[in-house]
Amino acid sequence: MGTRLSITPPKDYVLSRDVCSYGYFLLWPNFWDPRAGTFSRVMNLPGGPAKVTISQGTDARGERASDRVKPGTSLSCVFDRALATDEKKAVKLQIARMLRLDEDAAHVAAFHKVDPRWKKSGRARLFRSPSFFEDVLKTVTSCNVTWPGTLSMNRRLCEVVGKGGGFPEARAIARTSPALLRSRCRVGYRDARIVELAKLFVAGKKGGVDAAWFEDPATSDEAIHKALIDLPGIGPYAAANIMQLLGRYSRLPLDTESVRHGRAVLGFKGSSAQVMKRVHAHFAPFGENAFRSYWFEMWVHYEKKAGPAHLWDRDTTGRVFTAANMNKK
DNA sequence: GGTAGACCTGGACGC
DNA sequence: GCGTCCAGGTCTACC
């Protein structure tokens with residue numbers, strides 16, 4: 001008999017909108033079921049892996065009560081095994097991080113005050129991972145590779161190194177050889193950098209990556225950016241992306257997608273470097289929320305081409321949602 | 001400080 | 001089925 005937990009989210013929380021808000025919801029071990037409107041994945045817990053299925057607005061039998069869920073309706077989390085008391089506590093923290101439940105309605109309202117375009121839809125939260133380590137690795141596996149390659153690397157990392165189909169923990173990757181990551185997970189030249197990153201996370205405060213320091217709101221943006229840039233495999237794009245995953249939205253992770261958006265949607269002309277500069281200047285007035293304004297503009301563009309993200313299937317639409325493919329249509 | 005080229009993989013395309 | 005080309009951000013060497 002598995003454990004069932006109920007979590008009360010912020011009063012404006014909508015699972016389908018707030019999960020299907022950033023591309024990582026399509027990356028293994030994450031799975032959004034567009035038909036059932038449920039999110040599931042394997043979580044790494046003290047007692048071993050456990051698969052969770054999260055739904056909102058389901059009845060007592062776990063069946064979907066309605067397609068239109070009232071915002072703020074409690075989240076039902078059903079696990080495939082019984083959880084110990086300490087595991088329940090741990091998994092609630094992981095789910096809160098992943099779903100951004102720390103960003104309450106007041107936080108969302110503050111963003112909408114700066115950029116009212118998203119007030120009606122309620123967009124504000126961006127899906128992320130249950131752990132900082134997974135966010136960093138997902139970012140590294142999204143650099144210098146097309147989206148299907150990122151999908152493939154994350155799937156293989158879960159299948160080859162992860163426990164029970166979950167995302168591998170830093171300890172497991174630190175013990176893995178770069179050669180195995182390259183041959184079986186197809187991570188290419190990222191192999192040694194990924195192992196080095198994992199070793200730094202395992203070292204923690206002792207000369208490595210202190211995740212708590214990065215997650216601490218008291219740490220300055222400048223200090224975090226500098227520390228990220230010093231990590232193997234992390235450049236300007238990856239650092240800015242990891243910062244938004246940490247809830248720091250002032251910097252823009254500008255890449256080739258940004259250039260396409262600048263040209264196709266904003267009508268900017270010139271070289272890639274010139275377009276990037278103009279994109280940066282365009283979103284600068286949004287200050288601390290620049291990334292969210294930028295991202296939701298791109299996301300709406302994707303949805304105009306491929307339909308609402310909560311209807312995307314991981315293995316079909318989910319493979320082609322980037323602008324590079326959208327613009328071919 | 002700025003720039004060129006190498007690093008890998010997978011998909012598209014031509015034959 | 002095979003070979004070639006291309007996209008993608010980081011890192012290093014060089015000017």
Side-chain angles (χ1 to χ4, degrees), chain A residues 22-24 26-28 133-161 168 173 176-201 209 222 224-246 251-264 270-280 291 294-295 298-299 301-302 305-306 312-329:
Chain A
Y22 192 66
Y24 287 7
L26 297 162
L27 295 179
W28 272 258
F133 176 67
E134 185 175 333
D135 271 342
V136 170
L137 250 62
K138 277 184 158 52
T139 300
V140 169
T141 59
S142 71
C143 290
N144 198 31
V145 67
T146 53
W147 183 246
T150 304
L151 285 165
S152 167
M153 280 185 246
N154 278 272
R155 177 172 57 80
R156 288 169 186 262
L157 280 170
C158 293
E159 290 172 350
V160 176
V161 193
I173 293 188
T176 307
S177 73
L180 182 129
L181 290 184
R182 182 178 292 226
S183 63
R184 294 192 58 200
C185 301
R186 315 297 291 168
V187 300
Y189 65 88
R190 300 165 193 80
D191 56 357
R193 295 173 193 173
I194 288 174
V195 172
E196 184 61 25
L197 273 171
K199 286 179 176 171
L200 288 168
F201 270 83
V209 173
E222 270 315 307
I224 286 187
H225 187 259
K226 186 179 179 307
L228 287 171
I229 288 286
D230 284 344
L231 295 176
I234 309 294
Y237 164 81
N241 193 58
I242 293 167
M243 288 188 73
Q244 70 85 3
L245 291 163
L246 286 167
R251 293 170 192 258
L252 297 183
L254 296 180
D255 59 0
T256 51
E257 293 282 298
S258 322
V259 175
R260 269 189 286 267
H261 183 75
R263 290 200 173 114
S271 67
S272 292
Q274 288 169 328
V275 171
M276 276 203 193
K277 271 190 176 178
R278 292 197 64 184
V279 170
H280 186 79
F291 177 77
Y294 157 81
W295 180 256
M298 293 239 294
W299 201 245
H301 175 66
Y302 295 152
K305 299 278 185 177
W312 296 357
D313 180 84
R314 184 173 68 180
D315 300 320
T316 53
T317 318
R319 288 184 64 80
V320 297
F321 89 90
T322 60
N325 289 308
M326 299 289 183
N327 291 338
K328 286 178 188 171
K329 290 184 178 178

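Every chain is numbered from 1, with letters handed out A, B, ... down the list of sequences.
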**Message:** Checking A/Asn144 now: which residues fulfil side-chain contact (heavy atoms from CB on, under 4.5 Å) with it, not counting sequence neighbours?
**Reply:** A/Tyr189, A/Arg190
**Item:** From A/Trp28 atom CH2 to A/Lys138 atom NZ, the distance as rounded to the nearest 0.5 Å
**Value:** 10.5 Å
**Message:** Checking A/Arg156 now: which residues fulfil salt bridge (charged side-chain N to carboxylate O under 4.0 Å, His left out) with it, not counting sequence neighbours?
**Reply:** none
**A/Phe291 and A/Trp295 aromatic ring geometry - parallel, tilted or perpendicular at 30°/60° bounds** = parallel
**Asked** Taking five pairs at each end of the helix from B/dG1-C/dC15 to B/dC15-C/dG1, what angle separates the two helix axes (nearest 10°)?
**Response** 30°
**Request:** Give the B/S/- string for nucleotides 9-15 of chain C, one per nucleotide from 5' to 3', where a protein heavy atom under 4.0 Å of the base yields B, of only the sugar-phosphate yields S, and otherwise -.
**Result:** BSS----
**Item:** Close approaches to DNA chain B from residues 176-184 of chain A, in residue order (heavy atom, under 4.0 Å)
**Value:** A/Arg182
**Asked** Any donor and acceptor pair, going by atom type alone, linking the side chain of A/Thr150 with main-chain N or O of A/Thr141 inside 3.5 Å?
**Response** yes
**Request:** Flag the pair A/Asp230 and A/Lys226 as a salt bridge only when some basic side-chain nitrogen lies within less than 4.0 angstrom of an acidic carboxylate oxygen.
**Result:** yes
**Item:** Separation of atom CG in A/Leu151 from atom C1' in C/dG8, rounded to whole Å
**Value:** 14 Å
**Message:** Measure CZ/A/Arg319 against P/C/dA7 and give the value in whole Å, please.
**Reply:** 19 Å
**Asked** Do you see a donor-acceptor pair shorter than 3.5 Å between the side chains of A/Tyr302 and A/Glu257?
**Response** yes
**Message:** Tell me if the NE2 atom of A/His225 is crowded by more than 12 foreign heavy atoms within 6.0 Å.
**Reply:** yes
**Request:** Look at the rings of A/His301 and A/His261 and say which category their plane angle falls in: under 30° parallel, 30 to 60° tilted, over 60° perpendicular.
**Result:** perpendicular
**Request:** Check whether any side-chain N or O of A/Arg155 sits under 4.0 Å from OP1 or OP2 of B/dG10, and answer yes or no.
**Result:** no
**Prompt:** Does OP1 or OP2 of B/dC8 have a side-chain N or O of A/Arg186 closer than 4.0 Å?
**Reply:** no
**Message:** Considering only residues two or more places apart or on different chains, which pairs with a residue in residues 179-188 of chain A satisfy salt bridge (Lys or Arg N to Asp or Glu O under 4.0 Å)?
**Reply:** A/Arg182-A/Asp191
**Item:** Spacing of A/Asp191 atom CG relative to B/dA6 atom P, expressed in whole Å
**Value:** 19 Å
**Prompt:** Do A/Thr139 and A/Tyr24 pass the side chain to side chain donor-acceptor pair (under 3.5 Å) test, and can you show the C-alpha distance, the side-chain angles, and the key distance before you say yes or no?
**Reply:** CA-CA 9 Å; A/Thr139 300; A/Tyr24 287 7; 2.9 Å; yes
